[in-house]
Number of protein chains: 2
Amino acid sequence: MTFDKTRSAGYLANHLARLFAQHLAAGIAPLGLAPAQFMALLELWREDGLTQAELCARLDVEQATMAGTLGRMARDGLIERRAHPADRRAQTVHLTDRARALEAPATEAARAVNARALAALPEAERAPFVASLHRITEEMRRRKP
Amino acid sequence: MTFDKTRSAGYLANHLARLFAQHLAAGIAPLGLAPAQFMALLELWREDGLTQAELCARLDVEQATMAGTLGRMARDGLIERRAHPADRRAQTVHLTDRARALEAPATEAARAVNARALAALPEAERAPFVASLHRITEEMRRRKP
DNA sequence: GCCACTTGCATAGCACGCTATTCAAGCCGT
DNA sequence: ACGGCTTGAATAGCGTGCTATGCAAGTGGC
């Protein structure tokens, strides 16, 4: 039996994620955003003034990755880093007005991508699919390689 | 209404793909393989002597991406490129013995990752989940951004 | 037969992921 | 108060994805 990629959850997850990233990138590029920046903004819109470490934990990415993303966001005028009031090692990350103004259009673009993607499934299968995605993701995250 | 990432198919697909990539990378690193190289091998194990363009089409990645992956694979002694017999622009990609020997252990590692991941779902939900993944992927691939 | 379009690859530049390393600052037990 | 572990962040190096270019070789129409 050869390995059938069209039935491999891992292969399909990779392919699907690339497709989502392409669609999302196209949707938010006009706003001057890249996908990873949008993810970081998602957290910052909920709660401003997080530290880099907190962002890492919430998005489950490595610290070095987040440092790069935040660097690009600062360069692009989306965030400002300020000294942490209580810990001189840490910095807090704050949204600029420009970033705050992007919340509505950016989340709208993301919602549109999700809607168009899920349209491929019969309505009754959408919620179970997303639930399964969530379930597997949480499990794999718990017991990392 | 704020955007809930834990219910966003796109967000979850990205997260899941990163987790799969980490698990797979850990599983095949001892073989000297990286995830994208494994994907290319998957096609070459089925049919040796493909051109770069054919590999791109089958894996749905851009030509420039494949050029990079094949370059690393040639560097690592996994493939050889030969002149195409009929088209002087093209090259055909051929497996080395080393790459051929990796088929069994590498596919086994990938299968193990899939199995462990799907173990998070009740048995009855696994097939529908993979089917949905496949369905959405195919649809999104058809009508690209 | 020639010029224009297409096609196969390489390359450069950038975004993101990861690991590994380094450094400063906080924390702790003795 | 000290020496040692932990923690927050930057940096370097690498793999993988993308777009955009550039060039050589094939193809077609006239």
Side-chain angles (χ1 to χ4, degrees), chain A residues 11 13-29 32-40 50-57 59-76 78-79 81-93 144-145, chain B residues 11 13-29 32-40 50-57 59-76 78-79 81-93 144-145:
Chain A
Y11 181 90
N14 170 275
H15 196 170
L16 184 59
R18 285 190 288 117
L19 289 164
F20 265 116
Q22 289 167 31
H23 284 254
L24 179 63
I28 62 180
L33 291 180
Q37 301 180 358
F38 174 67
M39 298 297 134
L50 296 171
T51 65
Q52 189 178 113
E54 285 167 339
L55 281 166
C56 288
L59 295 174
D60 196 27
V61 297
E62 291 303 315
Q63 172 266 320
T65 301
M66 186 54 69
T69 299
L70 291 178
R72 271 167 251 125
M73 291 174 75
R75 178 200 63 191
D76 298 347
L78 293 165
I79 58 164
R81 291 190 248 207
R82 301 185 200 148
H84 191 287
D87 188 336
R88 271 188 306 156
R89 293 168 303 179
Q91 306 164 18
T92 52
V93 178
K144 289 251 180 169
Chain B
Y11 181 90
N14 170 277
H15 196 170
L16 184 58
R18 286 190 288 116
L19 289 165
F20 265 116
Q22 289 166 33
H23 284 254
L24 179 63
I28 61 178
L33 290 181
Q37 301 180 357
F38 174 67
M39 297 299 135
L50 296 171
T51 66
Q52 188 179 114
E54 285 167 339
L55 280 166
C56 288
L59 294 174
D60 196 27
V61 297
E62 290 303 316
Q63 172 267 320
T65 299
M66 187 54 68
T69 297
L70 291 179
R72 270 167 250 125
M73 292 174 76
R75 178 200 64 190
D76 298 347
L78 292 165
I79 58 164
R81 292 189 247 207
R82 301 185 200 148
H84 191 288
D87 187 336
R88 271 189 305 156
R89 292 168 304 178
Q91 306 164 20
T92 52
V93 178
K144 289 252 181 169

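Just the heavy atoms: all of them, side chains too, but no hydrogens, waters or symmetry mates, feed the values below. Within every chain, numbering begins at 1; the chains are lettered A, B, ... in the order of the sequence lines, protein sequences first and strands thereafter.
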**OP:** Could you please spell out the steps behind the side chain to side chain donor-acceptor pair (under 3.5 Å) verdict for B:Gln91 and B:Gln52?
**Re:** CA-CA 7 Å; B:Gln91 306 164 20; B:Gln52 188 179 114; 5.9 Å; no
Original post:
Rounded to whole angstroms, how far apart are CG on B:Leu50 and P on C:dG8?
Top reply: 13 Å
Original post:
A:Leu59 has an atom CG; how far is it from atom C1' of C:dC18, in whole Å?
Top reply: 16 Å
Subject >> Spacing between B:Leu19 atom CG and C:dG17 atom P, to the nearest angstrom >> reply: 12 Å
**OP:** Identify the residue among B:Leu70, B:Thr51, B:Leu78 that makes a side chain to side chain contact (heavy atoms under 4.5 Å, CB included) with B:Val93.
**Re:** B:Leu70
**OP:** Can you tell me the distance, in whole Å, between the CG atom of A:Asp87 and the P atom of C:dG26?
**Re:** 6 Å
Original post:
Which parts of nucleotides 10-20 of chain D does protein reach within less than 4.0 Å, heavy atoms only, written one letter per nucleotide 5' to 3' as B for base, S for sugar-phosphate only and - for none?
Top reply: BBB--SBBBBB
Original post:
Between B:Arg88 and D:dA24, is there a side-chain N or O to OP1/OP2 distance below 4.0 Å?
Top reply: no
**OP:** For side chain to side chain contact (heavy atoms under 4.5 Å, CB included), just list the numbers for B:Gln37 and B:Asp76, CA-CA rounded to whole Å, side-chain angles, deciding distance to a tenth of an Å, and then say yes or no.
**Re:** CA-CA 10 Å; B:Gln37 301 180 357; B:Asp76 298 347; 3.7 Å; yes
Subject >> Distance in angstrom units between B:His84 NE2 and C:dC9 P, rounded >> reply: 8 Å
Subject >> CG-CG distance between B:Asn14 and A:Leu16, expressed to the nearest 0.5 angstrom >> reply: 10.0 Å
Original post:
Between D:dA25 atom P and B:Arg89 atom CZ, what is the distance in whole Å?
Top reply: 10 Å
Original post:
Looking at residues at least two apart in the chain, or sitting in another chain, which of them share a side chain to side chain donor-acceptor pair (under 3.5 Å) with A:Arg72?
Top reply: none
